[in-house]
Amino acid sequence: MRLTVGQAVVRFLAAQRTERDGVEHRLIDGWFGIFGHGNVAGLGQALLEAELTDPGAAPYRQARNEQGMVHAAAGFARMRNRMSTLACTSSIGPGATNMVTGAALATVNRLPVLLFPGDVFATRVADPVLQQLEDPRTGDISVNDTFRPVSRYFDRVWRPEQLPSALLNAARVLTDPVETGAVTIALPQDVQAEAWDWPDELFAHRVWHVARQVPEPAALARAVEVLKNAIKPLIVAGGGVIYSEATEALRLFAEATGIPVAETQAGKGALAYDHPLSVGAVGATGTPAANELAREADVVIGIGTRYSDFTTASRTAFAAEGVRFVNINVAAFDAAKHSGASVVGDARETLIQLTEALADYRTEDAYRERAGRLAAEWDATVERAYHLGHTPLPAQTEVIGAVNDAAEPRDVVVCAAGSMPGDLHKLWRTRDPKGYHVEYGFSCMGYEIAGGLGVKLAAPDREVFVLVGDGSYLMMAQELVTAVQERVKLIVVLVQNHGYASIGRLSESVGAQRFGTAYRFRDGDGRLAGNTLPVDLAANARSLGCEVIRATSIDELTGALAEARKAEGVIVVHVDADPYQDSPGSGSWWDVPVAASSTLNTVRDAHARYREGKRAQRHYM
Ligand SMILES: Cc1ncc(C[n+]2csc(CCOP(=O)(O)OP(=O)(O)O)c2C)c(N)n1
Ligand SMILES: [Mg+2]
């Protein structure tokens, strides 16, 4: 079949399916693209031809920033439990490097995204092409080599004959739960437009089975050996529980064994917040309930978690002498962490087997009752934080409370950076495994709106609430325009607090006096401590085609959210919140180094506190 490389890519991807538990999905559900000379005649032309000749085979959407389109693809993939994703095409040079941050986010979070940055001429006759980085030491480097460390598979197709193996490897990595992340195939702009005679079988319907790896019996037996003597065990449920669709198996395991369940950011929603064995978020942004149990746990069962520093409170959360870990993970790399009893396997399969193997095991009543009491105490704290009546501006915890009240069980909350992810981790009452979508692997400012767009595209039947701070909004709000264009319904709650409240607090804790964290004019001393800036983000959102509602109190916010639920299109609810009103503490710690020498008393005091905090840090060897 004679097609250009661009046409062959589009045709190949339209024929790929994924399958797990007998259910098929499209591997690539659609395309995002921003065109330039690096892809307009290649993938751009190919997508046009697909739209005209085979509508629905490769649906195309515009984006406003290449980073945004990769975030949307990542949000889409996460919402679809990694069974489907979107492909992204960019021009060469800046269009391509704009995607690098998105690629890193996808890889850190282990979310499949497929990227096709355009690349410099393979023939080199016209070099240097516009936007080409020349390197006097070598002829075969381009800016696209920056994708290598942030991609789980990288290839550059210098010749058409290389395309089949690149595409097959791409699909293999995208559908492998262990390997998955960003897959990048750099396509030189001349090669994209070059024609070739392809074998028909390249475009055959292919089904990529997504494996449910069964644990090795000996590994399971070792885990059972550790678990059956556990007195105060605690489950740490990570994102792997949700991607594996193991939440029901987790609930049955917890109920059968009586082991309480704590959750990481990616794992939040693994167990409904009001389940008697749920103790909520664990770690630096956790609940005191989960953290108290973590401190005393003799066995920690990490399921589908990579034990980030937020989860382990920088390796201070699990403090019992001789604490042991049992780690269930598809990736041997994660299963081996903290010298744990490693069970390499799919979360659902492993939990089912473990439930059977531990049929005679049950925690003591007193332990479960204590977990329940701690969780109930925390729930009362949440209730208070939701209804502080803080004045003159509401506290952020009240904003979160109002959004939680407005959200129905299946609705999704989306967030990524700032002070809200921590507050949400502790405070959000999650009732559905896909109801909580906080990107906290890369915690990338600017993910919120673009990622929320991807979430809504993946789950049009759910209401999506995007919570975004003013800092994140200013970094990347432009995919609002894409949502408006595609008539995608989004409810964006924009929390204005004139700067980086989160980093302000962090700065204060390291003695750095909130330096550079508020959006302020310069004062008489030339410092950024004057009046707030006359920035009107509500007007900004309106100018982008969104419907905007301004709320100046929690009552108004509640009314606005009710109105937003009824409306269509993109609704931005703008609300001011007090940047100084903190959320209830987690009773936990996070390792952020403090200057070891300073003329400032604030820093010296912070350093003394820091050294104290460091003493609790463990290696878990
Ligand atoms: C791209 C990016 N740059 C910098 C950071 C570091 N950072 C984390 S939160 C934050 C401030 C976020 O401000 P805003 O969205 O207004 O939220 P707030 O802290 O006020 O809640 C910064 C600068 C980041 N996470 N991502
Ligand atoms: Mg802010």
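Ligands are counted one by one from 1 in listed order, and the atoms in each one are counted from 1 as well.
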Q.
With respect to the Mg ion (ligand 2), please indicate if G469 possesses an N, O or S atom at a distance under 2.8 Å.
A. no
(Q) One residue to check: D470. Relative to ligand 1, which of side chain, backbone, both or neither has a non-hydrogen atom less than 4.0 Å away? (A) both
Would you mind checking which non-hydrogen protein atom is closest to [atom], with the distance to 0.1 Å?
atom                    : answer
atom 1 (C) of ligand 1  : M475 SD, 3.5 Å
atom 18 (P) of ligand 1 : A501 N, 3.6 Å
atom 8 (C) of ligand 1  : I503 CD1, 3.7 Å
atom 17 (O) of ligand 1 : G418 CA, 3.6 Å
atom 14 (P) of ligand 1 : G471 N, 3.5 Å
atom 13 (O) of ligand 1 : Y500 CD2, 3.3 Å
atom 21 (O) of ligand 1 : S419 OG, 2.5 Å
atom 5 (C) of ligand 1  : M445 SD, 3.6 Å

Q.
Side chains of N65 and N98, heavy atoms from C-beta outward: is any pair under 4.5 Å?
A. yes
(Q) Just so I know, are the side chains of C546 and V484 near enough to count as touching, which here means a heavy-atom distance under 4.5 Å? (A) yes
Test: [X] and [Y] ion pair at under 4.0 Å:
X    : Y    : value
D591 : R315 : no
E508 : R514 : yes
D334 : R110 : yes
D274 : R431 : no
K489 : E568 : no
D536 : R550 : yes
E398 : R384 : no

(Q) Yes or no: does A416 have any heavy atom under 4.0 Å from an atom of ligand 1? (A)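 Under 4.0 Å: no for A416.
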Q) Where the Mg ion (ligand 2) is the centre, what is the O-to-OD1 angle for G499 and N497, rounded to 10°? A)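 Angle O(G499)-the Mg ion (ligand 2)-OD1(N497): 90°, rounded to 10°.
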Hey, which atoms in ligand 1 end up nearer than 4.0 Å to a heavy atom of [X]?
X    : answer
S443 : 24 (C), 25 (N), 26 (N)
S502 : 9 (S), 10 (C), 11 (C), 18 (P), 19 (O)
S472 : 14 (P), 15 (O)

Q | Among Q265, E439, K426, the one residue meeting side chain to side chain contact (heavy atoms under 4.5 Å, CB included) with P421 | A |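 So, applying the side chain to side chain contact (heavy atoms under 4.5 Å, CB included) to P421 and each of Q265, E439, K426, only Q265 qualifies.
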(Q) Quick check on the 6.0 Å ring-centre criterion: do Y447 and F442 meet it? (A) no
Q) Which atom, counting only N, O or S, brings D470 closest to the Mg ion (ligand 2)? A) OD1
Q.
Please state which option from P579, G422, C415, G499 has its nearest heavy atom closest to atom 20 (O) of ligand 1.
A.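 Minimum heavy-atom distance to atom 20 (O) of ligand 1 goes to G499.
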